[in-house]
Amino acid sequence: MTTAQDVIRVLVAKPGLDGHDRGAKVIARALRDAGMEVIYTGIRQTPQMIVAAAVQEDVNVIGLSILSGAHMELFPTILQGLQENGMGDVIVLAGGIIPEDDLPALKAMGIGAVFGPGSSTRDIIAFIRQAMGEKGKKASA
Amino acid sequence: MSDSKREWQEKVLAPQLKRGAERQPVFQTDSGIGLDPLYTPENMTGFDYGAKAGYPGEYPFTRGVQPNMYRGRFWTMRQYSGYATARESNRRYRYLLAQGQTGLSVAFDLPTQTGLDSDNPVAKGEVGRVGVAIDTLRDMEVLFESIPLDKVSTSMTINATGSILLALYLGVAKKQGVSFDKVNGTTQNDILKEYIARGTYIFPPKPSLRLITDVFSYCTDNVPQWNTISISGYHMREAGATAVQELAFTFSDAIAYVEAALAAGMDIDSFGPRLSFFFVAQNNLLEEVAKFRAARRIWAKIMRERFGAKNPRSWMLRFHTQTAGAALTAQQPDNNTIRTTIQALAAILGGTQSLHVNSRDEALALPTEESALLSLRTQQVIAYESGVADTVDPLAGSYMVEALTDRLEEEALKLIEKTDKMGGALAALAEGYQSREINESAWRYQQEIESKQRIVVGVNDFISETPPVKNLLKVDREQERQQIEGLHAVRRERDNQRVKAALKRLEEVARGTENTMPAILECVEAYASIGEMCDVLRGVWGEQREYAFF
């Protein structure tokens, strides 16, 4: 039986100024179809707006989609904002145009996974379910 | 059906199909138009050559806008580029021109596109990222240093701040001593598709349309060779639209611009000849060729029959093409060169006036100089070696291409009519019509890939490990710091009284009804920044919130 608590809540967000939201919208729809509760912020969100939305919606997962190349500037501010608001345990995923060279630094700063162009929505759903499962185990241990 | 075709179907085709099923239960184009196994003269029954195809350089221009097309001169090879500072981008432009590029195409960073100065906190991290950062005339002077504006045509991908960038370009022309009637180029200046698909709008639709029609009328009087707008299907297609939707939504937007200009009191034949278009070239080669041919026919009819334009130049659809960014893959990136070659071929067989070929590394970053050069070389190989440019509209008369051209026109006209019934492009987009349709197509496309109904080589089939691409272009933070420093220097050195007076004047004009261009030009020449000008306009007109539909 599924309870309200079991429903994974996801914020799909577009940080920065780029308006390319095809990927964000496809991901949002795929996660919703997979039974998750999805909130999409719309485009041109500042880190502060994204953190505020995450707090208000009390989400478990945040998907950040960015194609402008500003990820190394914007992601740390978002992650820090989450920490400061007691949401340091939220699973944060990223997608968009992100060069491979940046992956180690992104992992180190707390991005759970990066899903670049060509990623399958099934892989993303599977990743989220597994990460949520592990978190649940940790919480009950 | 003729006896001979029926006989072929029964006696030749049917036994073949009995021996083995075809690869797919149905074959269709990217727009979902069903394809027959074979097209024959029967598909041309009732085909009125004069009305449907005609001659190049004549109504309805299906075969091309020039009588001899590329036999006179090739399309303009115009690689879209710009990154970091004006200094860096100027270096790249001069390099590309030295390598045989025949026109410039400027990519601006997102703060420039959304009317924010480089030192605005919201611009942090975005300065010089996806294009060059421009704050004031000083940057623009550097961007075109040693590039005489009477010798080159320049296309600028700029929309909400389109009239400001045009003024900046004219400011440089003045400094170079080039008279405005010698200045040649294009401002994208297409705000409707920004609301629908691309996102760099600032102001609400009404004042945005005023800025656009002000450019139409200012250029008619002062910059007669300028293409005042590039009405774009590209970004809607990239966001997921099909070829049919690309055509339909583009022309619905075009109709809205024409109506806005007419409502502003302009004569159709005064601004009509300077309207231009921008489409994508995707992978489906024959559908794309048919799309370009159908596009010319649709526009000629709209201008002549719907709006009563008399000047044949108003009927001509002139367009720029870019290969499809959305078709690039991060996996096996060298395959992208093959894809863009096919797409470029479609654009050329489709009769484009100007072309940008994407680079193999663009699913990962902005292109390096080496990749940008390969893109230019792709164009040159097609131009000089393939022979496809030596005859006008060579695919005309193909049973299949003519049938597909007809179908695309027919399907696009249905959607244009639907948008008309909703009250036009603006009313429709406010209700989310176009973006919902586009989202739906994008979703379907993704499902097709995930179910392997659609194969993307290297992504969902034929997968192999390829080493990561080395030496991607990086824009470091130092460039942002330099840009901000430069802006602050301009603010210190300029005559701030003059700036204040010019901005005051802009505010008055924005509140009234006179043409905004002279006041913008005044601000630009006083070295007011784009952010300062946009702040004034935001104060008068307010800002547009996202039409969010998900």
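Naming: A, B, ... by sequence-line order, numbering from 1 per chain. Hydrogens, waters and symmetry mates are skipped; everything else that's a heavy atom, side chains included, is used.
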| Ser119(A), part contacting chain B, at a heavy-atom distance under 4.5 Å | backbone
| said: Counting only heavy atoms not in Asp33(A) (residues, nucleotides, ligands), do more than 12 fall under 6.0 Å from its CG? | reply: yes
| field | Contacting region of Val122(B) [heavy-atom separation from chain A under 4.5 Å] | value | both
| task | Would you mind checking which part of Ala197(B) comes under 4.5 Å of any heavy atom in chain A, side chain (CB onward), backbone (N, CA, C, O), both or neither? | result | backbone
| remark: Output for pair (Tyr201(B) OH, Arg44(A) CZ), nearest 0.5 Å, gives 5.5 Å
| With a 4.0 Å cut-off, would you call Arg198(B) and Asp21(A) a salt bridge? | no
| Is Glu73(A) close to Arg477(B) at the side-chain level, that is, under 4.5 Å between some pair of heavy atoms? | yes
| field | chain B interface, residue from Met72(A), Arg122(A), Glu100(A), His20(A) that has the most non-hydrogen pairs under 4.5 Å | value | Arg122(A)
| query | In terms of heavy-atom proximity below 4.5 Å to chain B, should Ile43(A) be classed as side chain, backbone, both, or neither? | reply | both
| query | If you round to the nearest 0.5 Å, how far is CZ of Arg129(B) from OG of Ser68(A)? | reply | 7.5 Å
| Pairwise side-chain contact, Arg22(A) with Trp443(B), heavy-atom cut-off 4.5 Å (strictly under) | no
| request: Provide the closest heavy-atom pair for Pro117(A) versus Ala363(B) in the form atom of the first, atom of the second, distance. | output: CG-O, 3.5 Å
| Glu546(B)/Lys14(A) salt bridge by N-O under 4.0 Å criterion | no
| remark: The side chain to side chain contact (heavy atoms under 4.5 Å, CB included) partner of Leu17(A) among Val130(B), Leu116(B), Thr200(B) is Leu116(B)
| Proximal component of Pro121(B), with respect to chain A [non-hydrogen, under 4.5 Å] | neither
| query | Are the side chain of Glu450(B) and the backbone N or O of Thr121(A) linked by a donor-acceptor pair below 3.5 Å? | reply | yes
| said: Heavy-atom pairs under 4.5 Å with chain A: which of Gln447(B), Glu362(B), Gln446(B), His235(B) has the most? | reply: Gln446(B)
| remark: Under 4.5 Å to a heavy atom of chain B? For Asp102(A) that would be side chain
| query | Are Asp18(A) and Leu110(B) close enough that some pair of their side-chain heavy atoms sits under 4.5 Å apart? | reply | yes
